[in-house]
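What you see is a predicted model, and the numbers here were worked out from it, not measured in a lab.
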Amino acid sequence: MAQASWYVVGAGTVTGGVVKIETAHTIDYSGTWAEIDSVDFSSPALTNAAYWATGPGHMLFMRARVSSNVTGGGTISVFFCGLSGTQGG
């Protein structure tokens, strides 16, 4: 398990779009992943800026999913940072 943080970075002009940060118990899970964050680039715009957040607890697998097209001509990158560890019995 790992506790994770993520950065959503806008390069160039980004005036709209939504990225969902999601988690599941397996990497190949085919059901609906649990949403833990939603980043909307329309207010405020994410032009040449970064958004940072951390998860509410331990998560096994995470992904970033574009749920609304990114607009404005720029690009978005998502970076995950985690602390790995094991739980003792």
Side-chain angles (χ1 to χ4, degrees):
M1 290 186 182
Q3 185 170 8
S5 299
W6 50 93
Y7 291 88
V8 181
V9 180
T13 302
V14 178
T15 57
V18 176
V19 167
K20 305 280 186 178
I21 306 297
E22 301 172 328
T23 185
H25 64 292
T26 63
I27 197 166
D28 58 353
Y29 182 59
S30 62
T32 302
W33 286 44
E35 180 182 320
I36 55 174
D37 197 4
S38 179
V39 185
D40 184 341
F41 309 119
S42 60
S43 180
L46 196 66
T47 298
N48 294 319
Y51 167 90
W52 173 86
T54 191
H58 295 284
M59 292 158 278
L60 291 176
F61 296 94
M62 297 177 66
R63 70 179 182 188
R65 180 176 59 84
V66 176
S67 66
S68 177
N69 290 340
V70 175
T71 61
T75 60
I76 294 293
S77 297
V78 179
F79 302 91
F80 289 99
C81 307
L83 299 173
S84 296
T86 59
Q87 293 184 336

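Partners of Asp40 under the side-chain hydrogen bond (donor to acceptor under 3.5 Å, both in side chains) rule, at least two apart in sequence or in another chain, are Ser42. Among residues two or more places apart in sequence or in another chain, the side-chain contact (heavy atoms from CB on, under 4.5 Å) test is passed with Thr54 by Gln3, Ser5, Trp52. Partners of Trp6 according to the side-chain hydrogen bond (donor to acceptor under 3.5 Å, both in side chains) rule, which considers only residues two or more places apart in sequence or in another chain, are Asp37. Residues meeting the side-chain contact (heavy atoms from CB on, under 4.5 Å) test with Thr71, sequence neighbours left out: Thr15. Scored by the side-chain contact (heavy atoms from CB on, under 4.5 Å) test, Val70 finds Val14, Phe41, Ile76 as partners (sequence neighbours excluded).
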Donor-acceptor contacts, no H, no angles, side chain residues 17-27, under 3.5 Å, sequence neighbours left out:
residue	atom	partner	partner atom	Å
Lys20	NZ	Glu35	OE1	3.4
Lys20	NZ	Ser38	OG	3.3
Glu22	OE1	Arg63	NE	2.7
Glu22	OE1	Arg63	NH2	2.9
Glu22	OE1	Arg65	NE	3.2
Glu22	OE2	Arg65	NE	3.1
Glu22	OE2	Arg65	NH2	2.8
Thr23	OG1	Phe61	O	2.8
Thr26	OG1	Asp28	OD1	3.2
Thr26	OG1	Tyr29	N	3.3

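No continuous path of ILVMFWY side-chain contacts below 4.5 Å connects Val39 to Tyr7, so the two sit in separate hydrophobic clusters.
Residues in residues 41-50 take part in no salt bridge (Lys or Arg N to Asp or Glu O under 4.0 Å) pair, two or more places apart or across chains.
A donor-acceptor pair is defined here as one N or O able to donate and one able to accept, closer than 3.5 Å; such a pair exists between the side chain of Asn48 and the backbone of Gly12.
Between Met62 and Phe80, the shortest heavy-atom contact is CE-CE2, 3.4 Å.
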